Enquirer: 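I'd like to ask some things about the structure below.
Naming convention: chains lettered A, B, ... in sequence-line order (proteins, then strands); numbering from 1 in each chain. Please read these numbers as outputs of a predicted model, since none were measured by experiment.
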Protein chains: 6
Amino acid sequence: MSEFETGLPSVRLIQSYIKDKQQIELKLLTGDLLVGRVFWLDNSCICVLDASEKQILVSRQAIAYIKSSD
Amino acid sequence: MSEFETGLPSVRLIQSYIKDKQQIELKLLTGDLLVGRVFWLDNSCICVLDASEKQILVSRQAIAYIKSSD
Amino acid sequence: MSEFETGLPSVRLIQSYIKDKQQIELKLLTGDLLVGRVFWLDNSCICVLDASEKQILVSRQAIAYIKSSD
Amino acid sequence: MSEFETGLPSVRLIQSYIKDKQQIELKLLTGDLLVGRVFWLDNSCICVLDASEKQILVSRQAIAYIKSSD
Amino acid sequence: MSEFETGLPSVRLIQSYIKDKQQIELKLLTGDLLVGRVFWLDNSCICVLDASEKQILVSRQAIAYIKSSD
Amino acid sequence: MSEFETGLPSVRLIQSYIKDKQQIELKLLTGDLLVGRVFWLDNSCICVLDASEKQILVSRQAIAYIKSSD
């Protein structure tokens, strides 16, 4: 099944970021650092909204880490 | 099954990009940034049409993120 | 099963490249760009023939994208 | 199932780091070196607390190695 | 099952390299280029013998491509 | 199942390194070269002891190759 199943602590943490509209930093395996907030997540992707509310569809396989930015 | 099953929000977002002929930017794990529009997607690949309507068959495992370019 | 099952549009596109002896560019996750034509593909690899008809056995997991080179 | 099932020596080692509040270094595939202690782990992620007790949600697929830092 | 099952053309090509003691070049995702001959392969690894007949146990997941070096 | 099942030649080679306390070099996908000896392995990780007998828990997915260092 999914790597980020609903019951997982990591999924619940990300869901709390969604609910709280938490500003986050998302580091990618490319070295890119995305800044914004998590809009939603599914089994393949995390959708991030940047400062201008634009959607960035990020592959979960490409994520190194996520942390709150404040 | 597929990582991008039809019911997933991420698949539906990409399908909306296909339908709307949305210009997108696609960042790869190589660091390359492809610009064009999504022609189709299947379980392994996303087919991107560049500015000259040439097909680029992109492995989904190589994708870092996708966003609209306007 | 295989990531490139026979019915997939991406597999059918590659099979058309094989049949047409299409010159292609194949970008790898290493950043290398291979030029040649596709000889065959299976579930793990794509076999590329370079300009001197030498076989290069490319892991599919290492492929970023494929496009025709003309 | 999970790659880090409970019975695995590697999971038990990480669980001992959690219990002992062991300072660790965590090297990522990006080349980043995170320093802190392990807060918890699940099937997708390891949650690291940095020096200011901030949570960093690290994808396990992005980890190269972990070692104690003292 | 295994990604390199016995019936696959890619496995058969590598087995012919083993039988013929073919000198090969093996490009890794790290950018390293190993030169030697294939000693054996299993589901996880390819064992390469370098010029001094030393065994190098290469993860198949780390391979970009293999080609004969003559 | 595990990628490094007990019956595999690659697992048996690593187990011989453990038994013989063989000095090894371990190249990672990050480009790092670890030197030490293999302490144990499980389905996710290889535990390496460095020159000061410190444990380094290495993700198997991050390994490019292993070879003896003498």
Enquirer: Pick one: which of D/Leu57, D/Ile46, D/Ile56, D/Val48 meets side-chain contact (heavy atoms from CB on, under 4.5 Å) with A/Tyr65?
Expert: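 Result: among D/Leu57, D/Ile46, D/Ile56, D/Val48, D/Ile56 is the only option passing the side-chain contact (heavy atoms from CB on, under 4.5 Å) with A/Tyr65.
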Enquirer: For the pair D/Lys54 (side chain) and A/Lys67 (backbone), establish whether a donor and an acceptor sit closer than 3.5 Å, ignoring hydrogens and angles.
Expert: no
Enquirer: Could you grab the distance from atom OG of A/Ser10 to atom CZ of D/Arg60, nearest 0.5 Å is fine?
Expert: 9.0 Å
Enquirer: Sequence neighbours left out, cut at 3.5 Å: what donor-acceptor pairs do the side chains of residues 14-26 of chain A make with other protein atoms?
Expert:
unit_1: A/Ser16; atom_1: OG; unit_2: A/Leu13; atom_2: O; d: 2.6
unit_1: A/Gln22; atom_1: NE2; unit_2: A/Asp70; atom_2: OD1; d: 3.2
unit_1: A/Gln22; atom_1: NE2; unit_2: A/Asp70; atom_2: OD2; d: 3.2

Enquirer: Kindly compute the distance separating CD1 (A/Ile66) from OG (D/Ser59), expressed to the nearest 0.5 Å.
Expert: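 Here the interatomic distance stands at 6.5 Å.
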Enquirer: Of all residues at least two apart in sequence or in a different chain, which pass the side chain to side chain contact (heavy atoms under 4.5 Å, CB included) check with A/Ala64?
Expert: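 Partners of A/Ala64 under the side chain to side chain contact (heavy atoms under 4.5 Å, CB included) test: A/Lys27, A/Leu29, D/Leu28, D/Thr30, D/Ala62.
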